Amino acid sequence: ETGVTQSPTHLIKTRGQQVTLRCSSQSGHNTVSWYQQALGQGPQFIFQYYREEENGRGNFPPRFSGLQFPNYSSELNVNALELDDSALYLCASSLGGGTYEQYFGPGTRLTVT
Amino acid sequence: AQSVTQLDSQVPVFEEAPVELRCNYSSSVSVYLFWYVQYPNQGLQLLLKYLSGSTLVKGINGFEAEFNKSQTSFHLRKPSVHISDTAEYFCAVSESGFGNEKLTFGTGTRLTIIP
């Protein structure tokens, strides 16, 4: 069974640019959540997708957007990058339906200069 | 809204000694509680969770936690730690009931095992 995978592993972007991060969920999981983990902090919830529909959003501006595809893989897009967007971006997949067991990928480390 | 407070940012412990990592939460609704571990340069791994039932929850790697509703706490314990337990530990809460499984995390406790 393949776990949650994320790509790329590391990324360096310039302020003002746009970035797309990708996540492949664990087999059979229909729910994907994205979290931002700044250095020395706990992860913060960005949003969640359930069967291709957004199912909850945290306190992040609209320039953070996402997609979930029919195979339940997902993308996180960030427009107009700011220096404070530098962080580890974590994707987590789950079966949904109240199982409350999220499986995290290794993350994408984004550095904005 | 929920919030989580992890009272200790760093905890050094000698190998084979017991450890307790403290977690308190605040919420206006019923919550589910979780502990996750993060090893260097890795994602988070679920150690244990409390959804209902017995307030003493056993998890992987010999860890356990006790839910105390009156004190709004969910402290993590291990009777004897090993070098391999060196990692960052995060306590998290989620609003109970069916819905989005958004996790609200604390700021983490770095557990360092001293040989």
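Here is how names work: the chains are called A, B, and so on, in the same order as the sequence lines, proteins then strands, and each is numbered from 1. Keep in mind it's a predicted model, so treat the numbers as computed, not measured. These values consider heavy atoms only, across backbone and side chains, with no hydrogens, waters or symmetry-generated copies.
Most heavy-atom pairs under 4.5 Å with chain B: of the set A/P43, A/A92, A/G56, this distinction falls to A/P43. When each of A/G58, A/G42, A/G40 is checked for heavy-atom pairs under 4.5 Å with chain B, A/G42 comes out on top.
For chain A, no part of B/Q6 is nearby; none of its heavy atoms comes within less than 4.5 Å. Residue A/Y35 touches chain B through its side chain alone, counting heavy-atom pairs closer than 4.5 Å. When heavy atoms are compared at a cutoff of 4.5 Å, A/T9 does not approach chain B at all. Residue contact with chain B, scored on non-hydrogen atoms closer than 4.5 Å, involves the backbone and the side chain of A/E101 alike. The contact between A/Q102 and chain B is made by backbone and side chain atoms together, counting heavy-atom distances below 4.5 Å. The contact between B/L103 and chain A is made by backbone and side chain atoms together, counting heavy-atom distances below 4.5 Å.
A single hydrophobic cluster is not seen to contain both B/Y32 and B/L76; linkage of ILVMFWY side chains at heavy-atom distances under 4.5 Å, directly or through other members, places them apart.
Take A/R63 and apply the side-chain hydrogen bond (donor to acceptor under 3.5 Å, both in side chains) test, not counting sequence neighbours, and it matches A/E82, A/D85. Residues meeting the side-chain hydrogen bond (donor to acceptor under 3.5 Å, both in side chains) test with A/W34, sequence neighbours left out: A/S74. Under the side-chain hydrogen bond (donor to acceptor under 3.5 Å, both in side chains) criterion, B/Q45 pairs with no residue, sequence neighbours left out.
When side chains are defined from C-beta on, A/Y89 counts as touching A/I46, because their heavy atoms get closer than 4.5 Å.
Contact record, B/F14 with B/I113: C-CG2, 4.3 Å, taken as the closest heavy-atom pair. Nearest heavy-atom pair, B/P115 versus B/E15, reported as atom, atom and distance to 0.1 Å: CA-OE1, 3.9 Å. Taking each heavy atom of B/L46 and B/L48 in turn, the nearest pair found is CD1-O, 3.4 Å.
Proximity to chain B at a heavy-atom threshold of 4.5 Å picks out nothing from residues 11-21 of chain A.
Taking the six-membered ring for Trp and thresholds of 30 and 60 degrees, B/F67 and B/F74 have ring planes more than 60 degrees apart, a perpendicular arrangement.
Looking only at distances, a side-chain donor or acceptor of A/Q68 sits under 3.5 Å from a matching main-chain atom of A/E52.
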